[in-house]
2 protein chains.
Amino acid sequence: MRDNKIVDLHGINVSCNECSLHQLCLPQSIDGAELEKLDYIIERKKPLKRNEYLFQVGSAFDSIYVVRSGSLKTFSPTIDGQEQVTGFHLPGELLGLDAIGKGHHPCVAKALETTSVCEIPFDRLEELAQELPTLQHQLLRLMSKEIFDDQELMLLLGKKTAEARLSAFLLSISLRFKQRGFSSTEFYLSMSRNDIANYLGLAVETVSRMFTRFQDDGIITAERKHIMIKNWNALQQMAGISQLSEKVSKSSI
Amino acid sequence: MRDNKIVDLHGINVSCNECSLHQLCLPQSIDGAELEKLDYIIERKKPLKRNEYLFQVGSAFDSIYVVRSGSLKTFSPTIDGQEQVTGFHLPGELLGLDAIGKGHHPCVAKALETTSVCEIPFDRLEELAQELPTLQHQLLRLMSKEIFDDQELMLLLGKKTAEARLSAFLLSISLRFKQRGFSSTEFYLSMSRNDIANYLGLAVETVSRMFTRFQDDGIITAERKHIMIKNWNALQQMAGISQLSEKVSKSSI
DNA sequence: TTATAAAATTGACATTTATCAACTTATTTT
DNA sequence: AAAATAAGTTGATAAATGTCAATTTTATAA
């Protein structure tokens, strides 16, 4: 998995400068010669096909990754040989930050669709951050955002009812798309119902039933993976989180 | 809350050098003159009494905190005026890392008992990290550990049954005590059953019943807040996580 | 100390959700 | 295109959990 050749995507040299995710990513705060330095250390790997792995449990940590397009899920194996999904990763989001401390990845990252990522060798990033105060600052901000987002998700998983969990999940996905300039009311879920159920600590059947119920109530339309949010307020009401939307929209990261 | 005077605890000047949490904390990787610099910027605040706040939702972020003794819970207000507990913080653990990105605290931190913390002004820490590569490295490691731990907890909250959640919770607390040199088989839970239930997304009554069931099955003894773990394997079995213990014990942070 | 309030436990019951099974609809593969 | 496989949906039922109420225990205040 990790022996993919580095390629110029579609024959062009994709630089941070031209990247649509620039604002969300590390280069946000630097420019000119500094940006070139960062650009230089970033490796752009051959896109992953669906079900290919970016890294495996226990594999050595040496890079963090930014999703450029597509999406991945991360999961941990459980005692009974199942997997437990710990997260979904959309364009502009980082992967691998949980591995810095231990030096190896605590989870598996698997592409949910054709997915391309930027690979940033961490030791070189650290060196660069030592040189460039604004880069260090941005790196710390991004890690803080990761912690914040994780806590947001714990808020989601701490909900008691299936209704509250699924609606909070849909809102969360929706807002993440919005942050990246995509529609927040119409999108495709790249993960299966099974993955969603697993992630939310519910049975697949319960998730399926909730989807049909939300649809019957006119709150969403869900045709397979294609979701449209019809009644945002109702979703928020059910999710029962006061500041989910404000929190995220206030975000300046 | 934030206007507490800075005091020398019990009249002695507690330095990082003498701190029992040294190994877990930021100074781990530095020494001598460098340690003095760090020591200099750290403020040791007057201990918080039970139910006092370390920070409130929306309050300006300018410091991160390390718990020296005692414990705190963090929580977010929900739409219906309730609180949702997002974490418990034991000695040696950091607070406030989720606020760096936004510049204000997204949750409330409240002392569960008499609690003392070290306050580390973040801008000064950033400056110092710019000077000292090993400190930058340690800071990144600690933030990574925070992300890792959060994901561990999402694994916990993703469990379907109350049994699995409570046992995973007890194991998690136990291992955190162990990491800090306390007993992993006998400890006091500083949080109420209500806080535990809230955190785990369960009803208080369910938590209470689980405690009695675990006790009847000889897996633990629980006398109010005093917990003794009698059958570690059974707990692990119920938690259904394969590597919880190994993961944590391998931890070199 | 006594009085009062809060926290924890227990029981009865209603509701929700998981499980099992059947079936339909997509998606791959041959 | 047909066959095979996987994913998703729906129904019936059992099990788990939430809710309500009563009670006991512990903590706090007068």
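Quick note on labels: first sequence line is chain A, next is B, and so on, each numbered from 1. It should be emphasised that the depicted structure is a prediction, and the values quoted were computed from it without experimental measurement.
Chain A approaches DNA chain C over the interval C:dT17 to C:dT28, counting the first and last nucleotide 5' to 3' with an atom under 4.0 Å from its heavy atoms.
Contact annotation: the side chain of A:S174 approaches that of A:I229 to within less than 4.5 Å [non-hydrogen atoms, C-beta and beyond]. Residues B:F88 and B:L112 are in side-chain contact: their nearest non-hydrogen atoms beyond the backbone lie under 4.5 Å apart.
Between the side chain of A:R209 and the base of D:dG11, at least one donor-acceptor pair of N or O atoms lies under 3.5 Å.
Considering B:R176, B:Q179, B:K145 in turn, B:R176 is the only one that fulfils the side chain to side chain donor-acceptor pair (under 3.5 Å) rule with B:E93. Partner of B:V108 under the side chain to side chain contact (heavy atoms under 4.5 Å, CB included) criterion, out of B:E83, B:K73, B:Q56: B:Q56 alone.
Between A:D195 and B:E163, the one whose closest nucleotide on DNA chain D sits nearer the 5' end is A:D195.
No close placement of the B:F61 and B:H104 rings is indicated, their centers lying 6.0 Å or farther apart.
Every salt bridge (Lys or Arg N to Asp or Glu O under 4.0 Å) that B:R213 has, sequence neighbours left out, goes to B:E163.
No contact: B:M191 has no heavy atom under 4.0 Å from any strand. Using a 4.0 Å heavy-atom distance criterion, B:R50 is classed as a sugar-phosphate-only contact.
Looking at the side chain of B:A203, the nearest of the listed nucleotides D:dT19, D:dG8, D:dT10 is D:dT19.
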